[in-house]
Amino acid sequence: MHFTARLACAVLAALPLAAAYPPELLRSNREFCNSQPSDYLLSLHEKIVNGDQQVMDKIAKGEQIIQDSLVTGVQSRDSPSMTVTKRDTGDLITLDAWFHVVHDDSKSIDGGYITEAKLREQLNVLNKAYDPSNLQFRMKGFDYTQNSTWAKYPEQYEQELKTKLHQGDSRTLNVYFVPGLGSGGVCRFPNLNSYDDGAESLELKLDGCLVGSFSVPGSKGVFNLGFTAVHEVGHWFGLLHTFQGGCDDKKGDFVADTPAEASPNYGLCPVGRDTCPDIPGLDPVDNFMDYSSDACYETFTPGQTARMRSLLALVRVCFRTCARNPFGQMGLFHAAPASEAGRPSAVVQLGYAEQLPRNRASAAILGMSLAITAVPYGMGSALASSAVYGGGPLSMFVGLLVVVLLDGCVAASLAELASRFPTSSGVYYWSYRLLAPSSSDKKTTRISAAAAPLSYITGWFWLIGNWTIALSVNFGFASLIAATVCLYQPSWSDASAWQLLLVFYALCLLTFLICAVGNALLPYVDGIAAVWNLVTILAVLIVLAATAHSGRHSASFALGHYDSSFSGWGSGFTFFIGLLPPAYTFCAIGMVTSMAEECEAPEVQVPRAMTLCMPLGGVAALLFVLPLCFTLPPQADLLAAPYGQALPYVLLRVLGSRAGAAAVMALVLGVALFCSISITTTASRCTWAFARDAGIPFSGVWSRTTAGQPLAALVLVTVIEMLLGLINLGSTSAFTAFVSVGVIGLAVGYLVPIAISLAMKRKEVAMARWRLRPAVGVAVNVVALGWILFELVLFSMPQALPVTPASMNYASVVFVGFAVVSAIWYCISGRHDFKGPPEESRIE
């Protein structure tokens, strides 16, 4: 219909209403729109108009993400709240919408109660209005809240109301229908910097529109067609009022094809209204972004459509991926913003009921990763391996750089899988799902016969790796305490095995009590652990650099000295023995995946923590190792260190003071305690997850949760550690084998899913929210697999030749033994009880 005719009809239709509702009364009843743009948003509009290169580049990247989401009828994993489909008029973007009805105690229409039928009518009005712009909304859900205070004073209680009811991410429209606004509304404009912390962001929680309950279709008055919501959602996309800026034809509402307007149109539908006569064009009274009556509203201009889609791409799609991801700008990987990554159930149901509280933010997960790495403890407790048997400073320095690079590839490979399958079940879940795709995928309906047994055996290696690496941390902790005591009591070097065992038991029980009683505080403990690590490293750096009581080496010696005579392996393989300390330090990088079901946004938080941990841990390790390289005592002297712990002895020699060495060791022991807490926590989650899938005997017991934590699994981990510790009383070499199996077990756990993913041409990880670029991903996976295979050999070899019964490394024997036992147990029991992890399902 021609606009003039449409206008005439609207005026005629509104005449009876005009008599009943004079303009003054219309103004007070409507209460109009209270949405006010910030200076920041106005400057953003101006930059778009002026073609600011940086802003336009980000819009282009956001539009590329939208193009990458272009599928037919299936939600994109990158954009769980956004679907993009092709149609004749262009790419249709469909966004999730949540409607929240807040009403008073009466549950009546006058009290703000709106029926489901009316809500769906309102959704239809929105979709009809935005359809020409190729924008649509799908009803993701709706809810009702009875709260008379919120209903009557929605703007005063906006923060309380929205933080309680808000759903979804930055691309999810939340509309709150409240009677206190009559038929008016107010909406939050988008802000490029508002959603940085994802689900934790207050600005994200406040995102959305308050809309008067008496504006929905069928209400009384002249605002009864549901267009108030259309108007407010325009603000949600970033549009300004058409009268913004008055008669300033250079700026105004910053949209070229909306004529300038000096003031809002408070009337019904005034034909020929022209408040800016010196500027071409009549007032756009039929535009959804004016203050006209519903009968007058008709259109968004092409310019407004373009602006809405540009701001959607820039602010709600590209706000973090394009603006703040330096690695993404380098083209190495794609990482969706945290606000996109709600709980896994938002898009993909991984088949598990939610049993653990999601109380760990990004900082806590990164802190836990750094606590598990525990550079001063990991590098310090195994110092003799690199400083003596590994050839000395060259292996310590160069070997560290090599391991950080190689383990970085392992971390990145695991990060993709953790993002694709964000569950505490970890590697065995990934292995099963990679081999046994969803039965809804018609191209792969045949489940691989190897999926269940391979997943089961992988789960057992992963479990053994978790148990024995926790054992190694606590026993190494005990040995380090004993060696520190020897600074003042040299006779402790002759302490019997059972005395060391008692120290080990005390540490196991202390760690258990901290994890069991202080579970709610552990996320904060992880943050403290990261700071403690940093303080310890700086302390070692400063005191060794400043003191050097026994002298300093030249740079050529500190970075290049290499003596292979102590290992007996010759000049070649000795260097690889020097890789053992950093390889041990970073071997548990994947254990943090067991915390996925306690993260607020696991698809992004866990992979981000794993990948950030490697460069941060690498720099920390360099700061720890370099001062040792410059002040290291003669290698032969280190062989006499009590309990094989060279670090206390080195500190004593370099500082020349028992008190100084003990003070620094106190910091290192604190690092070891934090490491024990974090690694015991992750091991308990791993045990609980495998028991949940009936992977271990008496699974029904170990899969129980108490007060929001897997307490039974924590008890099991502690008891197993203490039982395995008894082996040291009979054979120290056998005990060492179990410790080495910790690294090997974790390595096999990493190896299996990475290899399967690569063999499957990385089809599943291509759908992960955090993923490597295709070419980079293949190269990184190949390097990771090569390094893991070499680690399996390296940790199975004795440190020194010739081999004696006492120095022999029986890790390979124990490893094969575990493989045989797990295979036999699968045949006896596992094949009946273990059916594999539950199948994931997708919410369309």
Side-chain angles (χ1 to χ4, degrees), residues 1-3 5-7 9-10 62-63 66-67 69-76 79 81-99 116-142 168 171-175 177 185 187 190 208-209 211 215-218 223-240 242 253 255 257-258 284-290 292-313 315-317 844:
M1 183 183 295
H2 189 271
F3 171 64
R6 169 78 165 77
L7 207 57
C9 291
E63 289 172 342
I66 293 173
Q67 282 298 308
S69 302
L70 184 56
V71 291
T72 303
V74 179
Q75 282 179 285
S76 164
S79 313
S81 54
M82 178 179 75
T83 296
V84 186
T85 51
K86 200 78 174 176
R87 68 179 189 178
D88 293 341
T89 56
D91 296 340
L92 174 65
I93 300 175
T94 304
L95 304 172
D96 285 351
W98 272 86
F99 286 176
E116 178 182 348
K118 286 295 179 184
L119 292 178
R120 296 199 178 277
E121 274 190 61
Q122 178 66 77
L123 180 69
N124 290 337
V125 170
L126 277 174
N127 285 336
K128 185 176 181 180
Y130 284 95
D131 186 74
S133 301
N134 281 323
L135 296 169
Q136 290 282 276
F137 299 95
R138 55 172 165 249
M139 180 79 80
K140 193 68 176 177
F142 60 91
R171 303 170 191 175
T172 303
L173 171 66
N174 281 259
V175 180
F177 293 96
C187 197
C209 306
V211 173
S215 68
V216 298
F223 309 105
N224 63 347
L225 300 180
F227 288 146
T228 296
V230 174
H231 175 99
E232 298 304 334
V233 172
H235 290 317
W236 185 80
F237 278 117
L239 291 182
L240 306 173
T242 52
D253 67 346
V255 177
D257 59 358
T258 55
V285 295
D286 66 326
N287 193 284
F288 285 121
M289 300 314 294
D290 201 348
S292 304
S293 66
D294 280 12
C296 192
Y297 281 139
E298 182 177 78
T299 186
F300 289 114
T301 68
Q304 287 174 315
T305 290
R307 184 61 50 80
M308 284 191 285
R309 293 178 71 94
S310 292
L311 288 172
L312 175 66
V315 182
R316 298 189 180 277
V317 173
E844 301 297 342

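FYI, side chains are in, hydrogens and waters are out, and symmetry mates aren't considered; it's all heavy atoms of this structure.
Going from atom CG of D131 over to atom CG of L126 covers 12.0 Å, rounded to the nearest 0.5 Å. Put simply, CD on Q122 and CZ on F227 are 9.5 Å apart, with the number rounded to the nearest 0.5 Å. Once rounded to the nearest 0.5 Å, the distance linking CD of E232 with CZ of F288 reads 13.0 Å. In this structure, OG1 in T228 is found 8.0 Å from NE2 in H231, a value given to the nearest 0.5 Å. Rounded to the nearest 0.5 angstrom, M139 CE and D96 CG are separated by 11.5 Å. In this structure, L135 CG and T305 OG1 are separated by 7.0 Å, a value rounded to the nearest 0.5 Å.
Residues D253 and T258 have side chains that bring a donor and an acceptor to within less than 3.5 angstrom of each other.
Looking at R309, its side chain does come within 3.5 Å of a backbone N or O of S133 through a donor-acceptor pair. Distance alone, capped at 3.5 Å, places no donor-acceptor pair between the R307 side chain and the L240 backbone. Checked by atom type and distance alone, the side chain of D294 pairs as donor or acceptor with a backbone atom of N224 at under 3.5 Å. The closest donor-acceptor contact from the side chain of D290 to the backbone of D286 lies at 3.5 Å or more, if one exists at all. Side-chain N or O atoms of Y130 include one that pairs as donor or acceptor with a backbone N or O of V230 at under 3.5 Å. Using a distance-only test at 3.5 Å, with no hydrogens or angles considered, a donor-acceptor pair links the side chain of R171 to the main chain of R316.
N287 has its side chain within reach of T301: a pair of non-hydrogen atoms, C-beta onward, lies under 4.5 Å apart. Looking only at side-chain heavy atoms (C-beta outward), F142 and R120 come within less than 4.5 Å of each other.
The two residues S215 and V211 come nearest to each other via the heavy atoms OG-CG1, 3.3 Å. Closest non-hydrogen pair, F137 versus A97, comes out as CB-CB, 4.1 Å. Of all heavy-atom pairs between C296 and S292, the closest is CB-CB, 3.8 Å. Heavy atoms only, all atoms of each residue included: C187 and G208 are closest at SG-O, 3.4 Å. Looking at every heavy atom in both residues, C209 comes nearest to L173 through SG-CD1, 4.4 Å.
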Open item on the list: Applying side-chain contact (heavy atoms from CB on, under 4.5 Å) to L239 and F300, what does each step give before you reach the verdict?
Closed with: CA-CA 10 Å; L239 291 182; F300 289 114; 3.8 Å; yes

Test log, rule side-chain contact (heavy atoms from CB on, under 4.5 Å), inputs Q136 and L95:
CA-CA 6 Å; Q136 290 282 276; L95 304 172; over 6 Å; no

Kindly determine whether N174 and W98 satisfy side-chain contact (heavy atoms from CB on, under 4.5 Å), including the steps that lead there. CA-CA 5 Å; N174 281 259; W98 272 86; 3.7 Å; yes

Residues K140, T172; criterion side-chain contact (heavy atoms from CB on, under 4.5 Å); working and verdict = CA-CA 9 Å; K140 193 68 176 177; T172 303; 5.7 Å; no

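Residues passing the salt bridge (Lys or Arg N to Asp or Glu O under 4.0 Å) test with E121, sequence neighbours excluded: K118. In this structure D257 satisfies the salt bridge (Lys or Arg N to Asp or Glu O under 4.0 Å) test with no other residue, sequence neighbours excluded.
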